[in-house]
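One structure, pasted below without further comment.
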Amino acid sequence: MSLRLYNTLTRRVDPFEPLAPPRVTLYTCGPTVWNFAHIGNFRTFLFEDLLRRYLEYSGYDVFQIMNLTDVDDRTIQAAAKAGVVLTKHTEPFTQAFFEDRDYLRIKPAHVYTRATAYIGPMVELVQQLLDCRIAYRSEDGSVYYAVGKFDTYGRLSQLDKRELKAGARVASDEYAKDNVQDFALWKAAVPEDEKVGAAWDTPFGRGRPGWHLECSAMALTEIRSRFGIETLDIHAGGVDLIFPHHENEIAQSEGATGRTFARHWMHGEFLTVEGTKMSKRFGNFLTARDLREEGLDPAAFRRLVFLTHYRQQLSFSDAGLRAAQGSVTRLGEFRDRLVLAARTAKADLSAGNELETQFRAAMDDDLNAPEAMAAVFSFVTNVNRELDAGAGPEKAAGWLKVFDRTMDVLDVTPRKAAVAADLAAWVAERIAARQQARKAGDYAAADAIRGEIAARGIELEDTPAGPRWKKRDA
RNA sequence: GGCGCCGUAGCCAAGUGGUAAGGCAGAGGUCUGCAAAACCUCUAUGCGGCGGUUCAAAUCCGCCCGGCGCCUCCA
């Protein structure tokens with residue numbers, strides 16, 4: 001059994017076959033850095049992280065590109081409102097995004113492409129499309145893509161099967177174009193653009209790039225220069241990007257290269273709150289830093305996200321977060337127990353086959369993380385039972401190894417709270433004192449010491465093997 | 001109006017033809033001086049409703065009810 005992934009292009013779960021294995025080129029749509037990304041945005045990034053990690057687990061050599069949209073309507077508006085130049089506004093949010101990414105343990109992409117750093121390639125792409133008459137200049141100085149010139153336009157979003165709602169937002173477009181479906185490649189500069197320094201001179205006029213243009217230009221630039229190819233293995237993003245964003249990317253890229261832009265299109269579903277999608281528009285959003293300020297373990301958020309299949313809407317709630325936290329704690333306890341039981345023994349790897357097999361089967365089937373997680377928890381119960389029955393250190397070491405391999409992908413074990421050396425020494429001394437008191441039958445004194453330790457945020461646990469302690473996180 | 005998705009235990013959520021994974025909560029138990037923690041066990045004769053196909057349906061088909069998303073710059 002090998003990896004199969006749902007492909008929006010075919011509307012099926014297809015076998016995944018990269019162009020030139022083991023290399024996989026992965027382009028993931030990143031944030032627009034006009035503000036802090038909310039956890040709905042991060043759900044998508046976490047889905048992409050899962051995809052990336054599982055591809056790596058499967059032996060592929062992944063090259064991941066993520067774009068940062070630092071010039072578009074919203075960034076310009078926000079900069080203008082703040083009265084600063086564009087970069088001054090976007091840079092802090094870019095840094096904030098990286099912080100949030102690290103907090104949520106999302107693996108950094110190999111390259112982050114900022115739109116403003118690729119104006120040259122974008123201009124070239126527009127010029128190319130103008131030259132082959134797929135694009136045209138309008139009276140207001142903008143450049144549009146003539147959708148009618150691209151035969152397969154609408155294939156990704158199955159546009160031919162749809163009908164536009166009568167009187168929908170079509171009339172409200174601010175720019176002049178030949179056909180209502182045509183979209184802007186290049187937008188003529190307006191005063192607001194100039195004000196924030198978001199305008200560039202080009203052979204076809206002063207202006208700024210349309211949103212869709214950046215992804216085509218950046219993806220092509222990166223894979224051409226690094227691998228000499230013009231086709232991505234996978235292009236991923238949120239479902240809302242299917243139309244028009246990804247549809248237009250295909251039209252631009254394939255219109256210019258004549259080659260398939262991406263072989264595999266993957267889209268993650270929304271995160272919802274009380275049945276509605278999380279969105280800045282609705283004001284029902286929460287940012288990653290909100291979670292961090294509440295002291296939430298990022299493992300809990302990851303667990304919550306991976307509890308639902310990526311193509312299903314994920315309902316977010318505090319109760320769900322608490323449940324996730326509880327189950328993640330259990331995984332941490334389990335791992336501690338294995339480490340203790342394994343000591344320095346040589347790993348007996350025959351022991352963990354079952355988990356490995358089940359984990360793979362689940363993940364190979366279109367990244368079924370909920371099922372993979374279920375396999376992990378079944379493993380936890382089974383191994384605990386065997387450990388209770390006195391399984392040896394070689395087996396424990398083997399289990400630990402296999403467990404950790406699944407965690408390389410899911411990464412949902414709690415991070416250990418760091419404990420200063422002097423605090424650790426103090427705790428050790430107090431525990432010794434308490435043991436003496438217990439031995440002497442002076443339980444009042446023993447309980448007092450337990451209280452003393454607890455006051456410093458340390459939780460004491462009496463086990464058959466003696467007392468253990470851990471720092472309570474948050 | 002068009003296209004698409006979803007409805008499974010108190011909550012979250014897998015399963016898409018062979019007789020209901022997993023997590024949280026709850027109950028019981030083991031351990032313990034007590035406690036906490038930890039661990040183990042148990043918890044849906046039923047999968048929105050009604051029909052149909054089939055030896056067999058949560059899974060396929062039809063109708064109905066309820067919820068959600070997209071339809072030109074939202075992850």
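Throughout, a chain's letter reflects where its sequence line sits, starting with A, and its residues are numbered from 1. Since this is a predicted model, take the numbers as computed values, not measurements.
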Requested in this report: In whole angstrom, give the distance that lies between atom OH of A:Tyr310 and atom P of B:C6.
Outcome: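 My rounded result for the distance is 13 Å.
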
Report task. Indicate, with a heavy-atom threshold strictly under 4.0 Å, whether A:Thr69 touches base, sugar-phosphate, or nothing. Result ->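 Nothing: the residue A:Thr69, judged by heavy atoms under 4.0 Å, touches no strand.
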
**Report entry** Toward the 5' end of RNA chain B, by each residue's nearest nucleotide, A:Asn248 or A:Asp462
**Finding:**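 Closest to the 5' end, via its nearest nucleotide, is A:Asp462.
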
**Report entry** For atom CD of A:Gln158 and atom P of B:C70, their distance in whole Å
**Finding:**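 Atom CD in A:Gln158 sits about 17 Å away from atom P in B:C70.
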
Query raised in the report: Separation of A:His235 atom NE2 from B:A75 atom P, in whole Å?
Result: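 Rounded to the whole Å, the gap is 13 Å.
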
Query raised in the report: If the P atom of B:U53 is compared with that of B:C68, how far apart are they to the nearest Å?
Result: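 Their P atoms lie roughly 35 Å apart.
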
**Report entry** Whole-Å gap separating P (B:G15) and CG (A:Asp364)
**Finding:**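 So the CG-P distance, A:Asp364 to B:G15, works out to 15 Å.
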
Requested in this report: Verify whether the ring centers belonging to A:Phe403 and A:Phe334 lie closer than 6.0 Å.
Outcome: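 Close enough - the centres of the two rings lie under 6.0 Å apart.
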
Report task. Would you mind reading off the distance between A:Arg438 atom CZ and B:G33 atom P, rounded to a whole angstrom? Result ->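 Distance check: A:Arg438 CZ to B:G33 P gives 6 Å.
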
**Report entry** Pairwise C1' distance for B:A38 and B:C74, with rounding to whole Å
**Finding:**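 Per the computed distance, 45 Å lies between those C1' atoms.
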
Query raised in the report: Would a distance-only check, ignoring hydrogens and angles, find a side-chain to backbone donor-acceptor pair under 3.5 Å from A:Ser327 to A:Ala324?
Result: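 Checking the backbone N and O of A:Ala324 against the side chain of A:Ser327, a donor-acceptor pair under 3.5 Å is found.
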
Requested in this report: For B:A75, take OP1 and OP2 only and decide whether either is under 4.0 Å from a side-chain N or O of A:Thr32.
Outcome: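 For B:A75, OP1/OP2 do have a side-chain N/O of A:Thr32 under 4.0 Å.
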
Query raised in the report: Would A:Tyr136 and A:Tyr145 count as a close aromatic pair, with their ring centres under 6.0 Å?
Result: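 Ring centres of A:Tyr145 and A:Tyr136 not closer than 6.0 Å.
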
Query raised in the report: Could you state the CZ-P distance from A:Arg311 to B:C70, rounded to the nearest angstrom?
Result: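 Whole-Å distance recorded here is 18 Å.
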
Query raised in the report: A:Lys470 side chain: which of B:G69, B:A37, B:U72 is closest?
Result: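 Within the option list, the nearest is B:A37.
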
Query raised in the report: Paired with B:C24: which nucleotide, if any, by Watson-Crick or G-U wobble criteria at under 3.5 Å for both distances?
Result: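 B:G10 - that is the nucleotide pairing with B:C24, both distances being under 3.5 Å.
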
Query raised in the report: If we call it a pair only when both distances are under 3.5 Å in a Watson-Crick or G-U wobble match, what pairs with B:U43?
Result: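 Answer to the pairing question: none, since B:U43 forms no Watson-Crick or G-U pair.
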
Report task. Using the closest heavy atom to pick a nucleotide of RNA chain B for each, name whichever of A:Ile39 or A:Thr272 lands nearer the 5' end. Result ->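 Counting from the 5' end, the first nearest nucleotide belongs to A:Thr272.
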
Query raised in the report: Hey, are A:Gln77 and A:Arg74 close enough side-chain-wise for a donor-acceptor pair under 3.5 Å?
Result: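 A:Gln77 and A:Arg74 do not have a side-chain donor-acceptor pair below 3.5 Å.
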
Requested in this report: Could you check whether the rings of A:His267 and A:Trp265 sit parallel, tilted or perpendicular, using 30° and 60° as the cut-offs?
Outcome: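 Because their plane-to-plane angle is under 30°, the rings of A:His267 and A:Trp265 count as parallel.
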
Requested in this report: Just compare B:U72, B:A13, B:G23 and give me whichever is closest to any side-chain atom of A:Gln181.
Outcome: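 Shortest atom-to-atom distance from the side chain points to B:U72.
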
Query raised in the report: How would you label the contact of A:His309 with the nucleic acid (heavy atoms, under 4.0 Å): base, sugar-phosphate, or nothing?
Result: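 Contact class for A:His309: sugar-phosphate only.
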
Report task. Indicate, with a heavy-atom threshold strictly under 4.0 Å, whether A:Gly40 touches base, sugar-phosphate, or nothing. Result ->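 Here A:Gly40 touches the bases of the nucleic acid.
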
Query raised in the report: Taking atom types as modelled, is there a side-chain donor on A:Gln313 or A:Thr272 under 3.5 Å from an acceptor on the other?
Result: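 Absent: no donor and acceptor within the cut-off.
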
Query raised in the report: Taking atom P in both B:A36 and B:G69, what distance in whole Å separates the two?
Result: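 Approximately 45 Å lies between the P atom of B:A36 and that of B:G69.
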
Report task. Rounded to the nearest angstrom, tell me the gap between atom CZ in A:Phe183 and atom C1' in B:U72. Result ->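 Between C1' of B:U72 and CZ of A:Phe183: 10 Å.
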
Query raised in the report: What interatomic distance, in whole Å, is found between P of B:A14 and the corresponding atom of B:C60?
Result: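 So the two P atoms sit 16 Å from each other.
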
**Report entry** Which nucleotide in B:C6, B:C74, B:C40 has an atom nearest any side-chain atom of A:Lys277
**Finding:**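 Of all the options, the side chain of A:Lys277 is nearest to B:C74.
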
Query - Watson-Crick or G-U wobble partner of B:A75, both distances under 3.5 Å - result: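 Checking every strand shown, B:A75 finds no partner, since no pair has both distances under 3.5 Å.
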
Requested in this report: Using the side chain to side chain contact (heavy atoms under 4.5 Å, CB included) rule, pick out the option among A:Val13, A:Ile234, A:Asp14, A:Asp366 that qualifies with A:Asn7.
Outcome: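 By the side chain to side chain contact (heavy atoms under 4.5 Å, CB included) criterion, A:Asn7 pairs with just one of A:Val13, A:Ile234, A:Asp14, A:Asp366: A:Asp14.
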
Query raised in the report: Can you tell me how far P of B:A75 sits from NE2 of A:His267, to the nearest Å?
Result: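 These atoms are roughly 13 Å apart.
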
Query raised in the report: Is the closest side-chain donor-acceptor distance between A:Asp70 and A:Thr116 under 3.5 Å?
Result: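 A pair is found: one side chain offers a donor N or O, the other an acceptor, under 3.5 Å apart.
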
**Report entry** Integer angstrom distance from the C1' of B:C5 to that of B:C50
**Finding:**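 Straight-line distance between the two C1' atoms is 23 Å.
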
Query raised in the report: Just checking A:Asp388: base, sugar-phosphate only, or nothing, at a heavy-atom cut-off of under 4.0 Å?
Result: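 Here A:Asp388 touches the backbone only, sparing every base.
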
Query raised in the report: Just checking A:Gly237: base, sugar-phosphate only, or nothing, at a heavy-atom cut-off of under 4.0 Å?
Result: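 Sugar-phosphate, backbone atoms only, no base.
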
**Report entry** A:Leu307, nearest nucleotide to its side chain (from B:C24, B:G69, B:G22)
**Finding:**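 When the side chain of A:Leu307 is considered, B:G22 is the closest of B:C24, B:G69, B:G22.
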
Query raised in the report: Is the ring centre of A:His212 less than 6.0 Å from the ring centre of A:His246?
Result: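 Ring centroids of A:His212 and A:His246 are no less than 6.0 Å from each other.
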
Report task. Report which part of the nucleic acid A:Ser378 touches: base, sugar-phosphate, or nothing (heavy-atom distance under 4.0 Å, all strands). Result ->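 Sugar-phosphate only.
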
Query raised in the report: Which value, in whole Å, describes the distance between the C1' atoms of nucleotides B:G48 and B:A56?
Result: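 My reading of the C1' atoms in B:G48 and B:A56 gives 23 Å.
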
Query - C1'-based separation of B:C40 from B:A58 [nearest Å] - result: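 30 Å, rounded to whole Å.
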
**Report entry** Among B:G22, B:A21, B:A75, the one nearest A:Phe377 by side-chain distance
**Finding:**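 Output: B:G22.
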
Query raised in the report: Under 4.0 angstrom, heavy atoms only, what part of the nucleic acid is A:Leu314 near: base, sugar-phosphate, or nothing?
Result: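 Result for A:Leu314 = nothing.
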
Query raised in the report: Within less than 4.0 Å of OP1 or OP2 of B:A13, is there a side-chain N or O belonging to A:Ser315?
Result: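 Indeed, a polar side-chain atom of A:Ser315 lies that close.
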
Report task. Using both distances under 3.5 Å as the test, list the Watson-Crick or G-U wobble partner of B:U30, or none. Result ->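 The answer is B:A38, by the H-bond criterion.
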
Report task. Could you please name the partner base of B:C50, counting Watson-Crick and G-U wobble pairs only when both distances are under 3.5 Å? Result ->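 Matched B:C50 with B:G62 under the 3.5 Å cut-off.
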
Query raised in the report: B:A38 phosphate, OP1 or OP2: any side-chain N/O from A:Arg385 under 4.0 angstrom?
Result: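 Looking at the OP1 and OP2 atoms of B:A38, neither is under 4.0 Å from any side-chain N or O of A:Arg385.
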
**Report entry** Nucleotide opposite B:C68 in a Watson-Crick or G-U pair, distances under 3.5 Å
**Finding:**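 Check on B:C68: paired to B:G4, both distances under 3.5 Å.
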
Query raised in the report: In the structure shown, which nucleotide is the Watson-Crick or G-U wobble counterpart of B:U16, with both distances under 3.5 Å?
Result: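 The base-pairing partner of B:U16, which may sit in any strand shown, does not exist here.
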
Query raised in the report: Which part of the nucleic acid does A:Glu269 contact within heavy-atom distance under 4.0 Å: base, sugar-phosphate only, or nothing?
Result: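 It contacts base atoms.
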
Requested in this report: Report yes if the distance between the aromatic ring centroids of A:Trp34 and A:Phe93 is under 6.0 Å, otherwise no.
Outcome: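 No.
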
Query - Side chain of A:Asp447 (C-beta onward), nearest among B:A37, B:C39, B:C34 - result: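 Nearest to the side chain of A:Asp447 among the choices is B:C34.
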
Report task. Select base, sugar-phosphate, or nothing to describe what A:Asn384 touches, counting heavy atoms under 4.0 Å on all strands. Result ->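 Answer is sugar-phosphate: A:Asn384 comes under 4.0 Å of backbone atoms only.
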
Query raised in the report: Of all the choices, B:U72, B:C34, B:A75, which nucleotide is nearest to the side chain of A:Arg434 once you look at every atom?
Result: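 The answer is B:C34.
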
Requested in this report: Measure from the side-chain heavy atoms of A:Arg450 and tell me the nearest of B:G33, B:G23, B:A38.
Outcome: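 The closest nucleotide is B:G33.
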
Report task. With the side chain of A:Asn368 defined as its heavy atoms from C-beta on, choose the nearest nucleotide among B:C34, B:C74, B:G15. Result ->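 Within the option list, the nearest is B:G15.
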
Query raised in the report: For A:Ser317, which contact category applies under a 4.0 Å heavy-atom criterion: base, sugar-phosphate, or nothing?
Result: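 Since no nucleic acid heavy atom lies under 4.0 Å of A:Ser317, the category is nothing.
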
**Report entry** Per A:Pro370 side chain, nearest of listed nucleotides B:A21, B:C39, B:C68
**Finding:**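 Closest of the options to the side chain of A:Pro370: B:A21.
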
Query raised in the report: On a whole-Å scale, what distance lies between the C1' atoms belonging to B:C12 and B:A44?
Result: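 Each nucleotide's C1' atom is 15 Å from the other's.
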
Requested in this report: Establish, with yes or no, whether the OP1 or OP2 oxygen of B:G33 is under 4.0 angstrom from a side-chain nitrogen or oxygen of A:Lys439.
Outcome: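 Checking B:G33 against A:Lys439, no side-chain N or O comes under 4.0 Å of OP1 or OP2.
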
